[in-house]
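Sequential numbering from 1 along the given sequence is applied to the chain's residues.
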Amino acid sequence: MSKVVVTGGAGFIGSCLVRKLIESGAERVTVLDNLSSGKEANLSEVRELVDLHVTDICDYEAMAPIIAGAQRVFHLAAIPSVPKSIVEPVPSHESNIDGTFNVLRACKEGGAGRLVYAASSSAYGDTEVLPKVETMKPMPLSPYALQKLVGEYYCSVFTKCWGLETVALRFFNVFGPRQDPTSQYSGVLSIFMTCVLERTAPTIFGDGEQSRDFTYVEDVAGLLIKASRAPAALVSGICYNAGNGGRFTLNETWREVCAIEGVTIEPKYGPTRAGDVRDSQADTTAAVRDLGHQPQFTFPQGLRKTLEWYRATLVRA
Ligand code: UD2
């Protein structure tokens with residue numbers, strides 16, 4: 001039986017990937033997660049098919065044996081926040097750079113087949129041109145953006161120097177069910193969802209005209225699996241945009257969320273956040289061509305599905 005490992009597999013994106021791997025034929029999935037933001041409950045429907053190791057990627061001795069011998073490793077464990085990396089740069093650096101190095105080293109020394117890495121669109125910073133293409137020069141604006149970029153470079157160097165198969169996917173503002181809305185660092189859509197259901201006004205940082213390529217979590221999970229299966233000669237050592245290809249401002253997005261719910265609530269506005277990118281939109285040409293990327297959910301469809309999930313969850317809570 002082929003071993004599949006997902007670091008961060010109890011998190012919002014990781015747990016969606018675990019469910020999709022099982023749907024697409026994996027008999028069991030090994031999850032490595034320190035449960036700092038992930039939750040065992042995120043895996044509840046598939047828990048019996050998951051070998052969960054509550055382990056930190058910063059602890060090499062503990063995590064290396066879990067990765068050893070895996071055919072496919074998906075590295076999603078991270079401290080994934082621009083503002084948190086500014087307020088608390090040390091844990092962010094340790095997890096996102098040292099932890100990623102540990103995962104790559106464990107893959108190399110443990111004879112793993114392929115590593116697929118969750119990179120970030122934040123690496124681009126503010127480009128003059130949209131959409132953003134992989135050939136553009138990265139211009140990180142925050143420690144988090146730089147850390148994720150270092151991870152990408154490390155992937156390609158492990159491919160070049162030691163022949164480890166790697167593929168990096170730059171995620172573009174992923175949203176969907178199970179995104180935790182409870183922290184000040186939570187993704188904006190998880191905050192919008194709870195605000196609209198509780199009929200409270202969100203705070204938009206800046207003028208709300210910044211834009212994002214919001215990507216539904218199931219499309220990202222599907223692309224991760226495609227990246228783990230694409231021919232090595234074509235994709236190994238390469239980084240791809242994993243966005244949806246669209247672009248919506250925060251003002252438009254809040255209005256759309258309110259329209260789906262049938263309410264009108266004026267947002268509050270606060271100061272622009274340090275390290276914030278102004279506009280973000282993926283050119284998905286390379287991912288479509290090489291990985292067969294084919295998003296299944298438009299932004300409004302993803303919003304509706306997400307809102308349904310938050311509604312069911314908030315009612316139960
Ligand atoms: C970055 C990356 C994304 C992913 C993510 C991980 C970019 C363009 N995107 O997302 O790919 O790696 O980091 O976390 O760099 N905001 C509000 N009110 C709130 C919360 C957020 O207005 O209550 C704003 C925030 O200032 C930003 C936008 O919403 O302009 C999106 O913020 P986010 O934290 O959801 O994600 P972002 O863009 O930092």
Side-chain angles (χ1 to χ4, degrees), residues 13 78 80-86 96 118-152 168-176 179 184-193 195 202-217 219-220 223 239-260 266-288 293 295 297-303 306:
I13 304 174
S81 165
V82 168
K84 197 167 186 181
S85 77
I86 295 173
N96 297 343
S120 169
S121 65
S122 58
Y124 287 109
D126 287 327
T127 57
E128 279 174 21
V129 176
L130 293 172
K132 302 184 182 196
V133 189
E134 292 88 341
T135 48
M136 287 174 174
K137 183 179 166 212
M139 288 185 286
L141 297 174
S142 63
Y144 168 74
L146 173 66
Q147 292 153 11
K148 282 279 147 182
L149 181 62
V150 170
E152 273 178 31
L169 297 182
R170 283 186 179 166
F171 291 179
F172 280 70
N173 290 78
V174 185
F175 74 102
Q179 190 170 24
Q184 58 172 315
Y185 302 117
S186 296
V188 69
L189 271 174
S190 68
I191 294 171
F192 279 8
M193 293 292 157
C195 283
T203 300
I204 292 182
F205 302 128
D207 62 6
E209 289 303 300
Q210 68 267 47
S211 59
R212 294 290 182 269
D213 182 349
F214 291 108
T215 310
Y216 190 58
V217 64
D219 283 330
V220 172
L223 187 60
C239 176
Y240 293 94
N241 284 343
N244 183 288
R247 183 165 79 90
F248 296 85
T249 69
L250 288 192
N251 288 328
E252 285 168 342
T253 301
W254 174 246
R255 278 197 298 272
E256 181 72 23
V257 169
C258 286
I260 294 173
E266 282 308 308
K268 294 182 269 189
Y269 289 89
T272 300
R273 215 164 65 173
D276 226 19
V277 167
R278 181 70 183 173
D279 296 304
S280 184
Q281 182 180 21
D283 181 318
T284 58
T285 310
V288 169
H293 183 34
F297 297 90
T298 63
F299 185 42
Q301 284 169 337
L303 283 180
T306 307

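Side-chain contact between V288 and H293 is present, with at least one heavy-atom pair separated by less than 4.5 Å. Proximity of L303 to L189: side-chain heavy atoms (C-beta onward) are separated by under 4.5 Å at one or more points. The shortest side-chain heavy-atom distance between Y124 and E134 falls under the 4.5 Å cut-off. Put simply, the side chain of F248 does not reach to within 4.5 Å of the side chain of N173, judged on heavy atoms. In this structure, F171 and P80 have side chains that are not in contact, with every pair of non-hydrogen atoms separated by 4.5 Å or more.
Looking only at distances, no side-chain donor or acceptor of T284 sits under 3.5 Å from a matching main-chain atom of A287. Side chain of Q281 to main chain of G245: a donor-acceptor pair is present (N/O by atom type, distance under 3.5 Å, no hydrogens or angles). No donor-acceptor pair under 3.5 Å is formed between the side chain of N96 and the backbone N or O of A78. Side chain of N241 to backbone of A282: no donor-acceptor contact under 3.5 angstrom is found. Using modelled atom types, one side-chain atom of T215 and one backbone atom of F172 make a donor-acceptor pair closer than 3.5 Å. With E209 contributing its side chain and N251 its backbone, the two residues share no donor-acceptor pair below 3.5 Å.
Between L250 atom CG and D207 atom CG the span is 9.0 Å, to the nearest 0.5 Å. To the nearest 0.5 Å, the span separating OG on S81 from CD on Q184 amounts to 8.5 Å.
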For a side-chain contact (heavy atoms from CB on, under 4.5 Å) check, start with the C-alpha distance between T253 and F175, then their side-chain angles and the critical distance, and finish with the verdict. CA-CA 12 Å; T253 301; F175 74 102; over 6 Å; no

Going through the distances and angles, do Y216 and Q301 end up as a side-chain contact (heavy atoms from CB on, under 4.5 Å)? CA-CA 9 Å; Y216 190 58; Q301 284 169 337; over 6 Å; no

Salt bridge (charged side-chain N to carboxylate O under 4.0 Å, His left out), that's the test. Do R170 and E152 meet it? Break it down for me. CA-CA 9 Å; R170 283 186 179 166; E152 273 178 31; 2.6 Å; yes

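The shortest heavy-atom contact between A242 and V220 is O-CG2, 4.3 Å. The shortest non-hydrogen separation linking V277 to K132 is CG1-NZ, 3.7 Å. Residues T306 and G176 share a closest heavy-atom pair of OG1-CA, 3.4 Å. Across every non-hydrogen atom of M139 and T127, the tightest pair is CE-CA, 4.4 Å. Scanning both residues, P295 and G243, for their nearest heavy atoms gives CG-O, 4.5 Å. Closest approach of F205 and P271 over heavy atoms only: CB-O, 3.4 Å.
A salt bridge links D276 and R212; the closest N-O separation between the charged side-chain nitrogens and carboxylate oxygens is under 4.0 Å.
Side-chain contact, D283 with T285: a donor N or O sits under 3.5 Å from an acceptor N or O.
Note: F297 and F214 fail the aromatic proximity criterion, with ring centroids not under 6.0 Å apart.
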